[in-house]
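Notes to accompany the following structure.
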Amino acid sequence: MRCVRFLRLPRAAQVVQVARVARVARVARVARVARAGCAPSGALGRRWSSSASGCLEKYRELKTKGEIKEDSRQEVCMKMLDDLARQVEGYSPKMTRASKQATPKASSTGLFGLLGSKPSAQKPADASLRPMPGQIGLYLWGGTGTGKTFMMNMFYDKVKISSKKRVHFHEWMIDVHSRLHRRQKGSSSNTDSTADDLIEQVAADMMKDAWLLCFDEFQVTHISDAIIMKRIFSVLFELGAVVVATSNRPPKDLYLNGLNRPLFTPFIPMLEAFCTVHDIGAEVDYRMCSSRDDEDDRVYITPNGLGEKKLLEAKFAKICHGHVRFGMQVETQGRRIVVPRAAENSAVAWFKFSDLCDKPLGAADYLAIGQAFHTIFLADIPRLTMQERDQVRRFITLIDTLYESHTKLLCVAELDPISLFHVTQEERSSSVADEIFAWDRTVSRLMEMQSAAYLSAAVRKLSADQFLGQYKLKSLSDQDFKELWRRYDQDGNGVLDAEEFRFLLGDLMELQVGHRHVSEELFQVCLEDLHSHGKTVTFKDFQRYIGDFATIESVIQEHVPVAAGRGLMA
């Protein structure tokens, strides 16, 4: 969908590897489930089985097992989602539009030529657009951490529709703009092509991909999005699209206080006509329940003092092993973003706050960074106020995007997340600024991004090369062992079962011989060498086994010829 290229770099092979990891990370991110109940950390990272027939039944099953806490508000939502699933499973979109009347020709030159028609230029047919039987979707809104993403993911897994798409709304709008841009370039020779024509073509293309659209974090923050919302959704709805969305605010508060908001407000009644709007009303932020272990492994470091800066530098140096690239660039949509420092052995990048938030960057830029790097170091995050409103807005978008990409973030900030953005009582009571409203979500996400559950899920999506390349495997520290354990104890129960141990062996095989196939003979030999009791591997067993790499290498070499040029890292 989007081209992410690395420019002017030596070590071309490493660049290709980083791009490949970016694609893998993207697939892993789409498949990720953000769990919302106050569950053990291991349960938070697991995807449920599809044994239960519906959302409510599965929800009650998880509650009975103790994996989530009971919440009557969420049960109401699960019932609504089950009803919606039954409705859409018997629904068929018409996929055609009524004949349109001739409209004045609109210029297709430039951004506002494409997007900026006045409300009076809208077709009269829009006012009479009404849902077809079975087309009413659902718009769930509530405060940060109320379980919206958890419920959305459960619905998406359960609904028996093949023509469906689940996507973060930021990312979907980036795709819309990219498609419009391509259509606009392709129509430059056709003087009869209007702005409405281009939008209709993009909407029709998107309907071919999916007619059930599941949007997570539905929000509008940019005028370029706000201007085209009514136009593209009017076409999608007329073609028969069904929308399921989650948001932290009701439709009437979308794009609140935004530039030229009257261009956006006609979209609100349309959205309310095609979606049942439901206030979740939960009071608990479940993500704050994510547990942390006793490790001294801070990823959000405060304050921004000399010692803290040295600590962040030391963490970065440990991953890089002294091999650092300077001044590489990421390109997205024709823009080039300079990456001050990056590790050669793994997709890890270093930025200062000013590199990403003092410059006119947006969601597309941050998404490209999140796709290209699995770990981001961010230095010198200052105390923020409404005087730095632009930086606050960009920081909010940055955290939203990295969170959705499930990127690991290590940073040094002046204050803790709650105190980082200072707003006076007068500003809070008199302002309707989106940044103030959205900051609670940013705080919650920064807190969750420090949790054991989030960090465990982040390391599990990586390839063996990318993950193990961060460590000197023949001289591991106690902290290294704990970080490695996060990847392999996938259910968080404190031991490795047979499949988890086989996954560990697959990583070692991939790193040494270039493939992950573990024969049953090799598996049994390694299991016997590891320990003589039971069928599971404890952390102490794991630490002793990984600490003896001479034995691991000799066993693998005995059973599988080592590919030329490969071998476990010293």
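The structure presented is a predicted model; accordingly, all values stated were derived computationally and were not measured.
Contact between Tyr300 and Cys411 at its shortest, heavy atoms only, is CD1-SG, 3.4 Å. Minimum heavy-atom separation, Val159 to Tyr156: CG1-O, 3.7 Å. Here the closest non-hydrogen pair linking Ile174 and Ala363 is CD1-C, 3.7 Å. Of all the heavy atoms in Gly134 and Gln87, the pair that sits closest is O-NE2, 2.6 Å. When every heavy atom of Ile337 is checked against every heavy atom of Asp365, the shortest pair comes out as CD1-CB, 3.5 Å. The shortest heavy-atom contact between Pro93 and Gly240 is CB-O, 3.5 Å.
The stretch residues 252-268 participates, sequence neighbours left out, in no salt bridge (Lys or Arg N to Asp or Glu O under 4.0 Å) pair at all.
Between the Arg486 side chain and the Ser456 main chain, no donor and acceptor come within less than 3.5 Å of each other. Under a 3.5 Å cut-off, the side chain of Gln74 and the backbone N or O of Thr146 do form a donor-acceptor pair. Without hydrogens or angle criteria, Gln135 side chain to Met132 main chain gives a donor-acceptor distance under 3.5 Å. Here the side chain of Asn260 pairs no donor or acceptor atom with the backbone of Leu263 at under 3.5 angstrom. Of the possible polar contacts, none joining the Ser419 side chain to the Asp416 backbone as a donor-acceptor pair under 3.5 Å is found. In this structure, His168 contributes its side chain and His170 its backbone to a donor-acceptor pair below 3.5 Å. The main-chain N or O of Leu462 is found under 3.5 Å from a side-chain atom of Arg487 such that the two form a donor-acceptor pair. Between the side chain of Arg166 and the backbone N or O of Met152 there is no donor-acceptor pair closer than 3.5 Å. Without hydrogens or angle criteria, Asn153 side chain to Phe150 main chain gives no donor-acceptor distance under 3.5 Å. Of the possible polar contacts, one joining the Thr246 side chain to the Glu217 backbone as a donor-acceptor pair under 3.5 Å is found.
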Quiz item: What do the steps show when you test Leu254 against Leu271 for side-chain contact (heavy atoms from CB on, under 4.5 Å), and what is the final call?
Solution: CA-CA 11 Å; Leu254 290 170; Leu271 179 64; 4.1 Å; yes
Exercise. Go through the steps for Tyr488 and Arg460 under the test side-chain contact (heavy atoms from CB on, under 4.5 Å), then give the verdict.
Key: CA-CA 8 Å; Tyr488 303 110; Arg460 289 169 195 159; over 6 Å; no
Quiz item: Under the side-chain contact (heavy atoms from CB on, under 4.5 Å) criterion, do Met229 and Val220 qualify, and how do the steps go?
Solution: CA-CA 9 Å; Met229 291 285 282; Val220 185; 3.7 Å; yes
Practice problem: Verify side-chain contact (heavy atoms from CB on, under 4.5 Å) between Met151 and Cys55, making sure each step is shown before the conclusion. | Solution: CA-CA 8 Å; Met151 292 187 286; Cys55 295; over 6 Å; no
Exercise. Could you give me the CA-CA distance, side-chain angles and deciding distance for Glu448 and Ser451, then say whether side chain to side chain donor-acceptor pair (under 3.5 Å) is met?
Key: CA-CA 5 Å; Glu448 186 185 355; Ser451 71; 5.3 Å; no
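Here the rule is side chain to side chain contact (heavy atoms under 4.5 Å, CB included) with Ile396, and of Gln391, Arg445, Arg441 only Arg441 fits it. Checked against Ile418 for a side chain to side chain contact (heavy atoms under 4.5 Å, CB included), the options Leu446, Val443, Asp440 give a single hit: Val443.
Val242 places a side-chain heavy atom less than 4.5 Å from the side chain of Trp211. Counting heavy atoms from C-beta on, the side chains of Tyr366 and Leu361 come closer than 4.5 Å. Side-chain contact between Cys214 and Leu212: present, with at least one pair of heavy atoms (C-beta onward) separated by less than 4.5 Å. Residues Leu410 and Lys408 are in side-chain contact: their nearest non-hydrogen atoms beyond the backbone lie under 4.5 Å apart. Inter-residue side-chain proximity for His278 and Met80 is flagged as met; some heavy-atom pair is nearer than 4.5 Å.
Here Lys148 does not pair with Asp216 in a salt bridge; the nearest charged N to carboxylate O distance is not below 4.0 Å. Between Arg86 and Glu89, no side-chain nitrogen of the basic residue sits less than 4.0 Å from a carboxylate oxygen of the acidic one, so the salt-bridge criterion is not met. With salt bridges taken as basic N to acidic carboxylate O contacts below 4.0 Å, none links Lys158 and Asp82. Of the charged side-chain nitrogens involved, none lies within less than 4.0 Å of a carboxylate oxygen, so that Lys165 and Asp209 do not count as a salt-bridged pair. Of the charged side-chain nitrogens involved, at least one lies within less than 4.0 Å of a carboxylate oxygen, so that Arg183 and Asp205 count as a salt-bridged pair. Salt bridge absent: Lys58 and Glu75 never bring a charged side-chain N and a carboxylate O closer than 4.0 Å.
Separation of atoms CD1 (Ile369) and OG1 (Thr332) is listed at 9.5 Å; rounding is to 0.5 Å. Separation of atoms SG (Cys275) and CD1 (Ile136) is listed at 7.5 Å; rounding is to 0.5 Å. Between atom CZ of residue Phe395 and atom CG of residue Leu356 there is a gap of 10.0 Å, rounded to the nearest 0.5 Å. Between the CD1 atom in Ile399 and the OG atom in Ser444 there is a gap of 12.0 Å [rounded to 0.5 Å]. To the nearest 0.5 Å, atom CZ of residue Phe353 and atom CD of residue Glu414 are 12.0 Å apart. The structure places NZ of Lys79 at 3.5 Å from CG of Asp83, a figure rounded to the nearest 0.5 Å.
Remark: the Thr385 side chain and the Glu388 side chain contain an N/O donor-acceptor pair separated by less than 3.5 Å. Between Asp225 and His177, the side chains place a donor N or O and an acceptor N or O closer than 3.5 Å (distance only, hydrogens not considered). Side-chain atoms of Glu272 and Tyr139 form no donor-acceptor pair, as typed in the model, at a separation below 3.5 Å.
Ring to ring, Tyr255 and Phe267 are not that close: their centroids are 6.0 angstrom or more apart. Aromatic ring centres of Trp172 and Phe218 lie farther apart than the 6.0 Å criterion allows. For Tyr454 and His406, the ring centers sit closer than 6.0 Å to each other.
Annotation: cation-pi geometry not satisfied between Lys230 and Phe264 (NZ/CZ under 6.0 angstrom from ring centroid, within 45° of ring axis).
The aromatic rings of Phe373 and Phe351 lie perpendicular to each other, with more than 60° between the two planes, well past the 30° mark.
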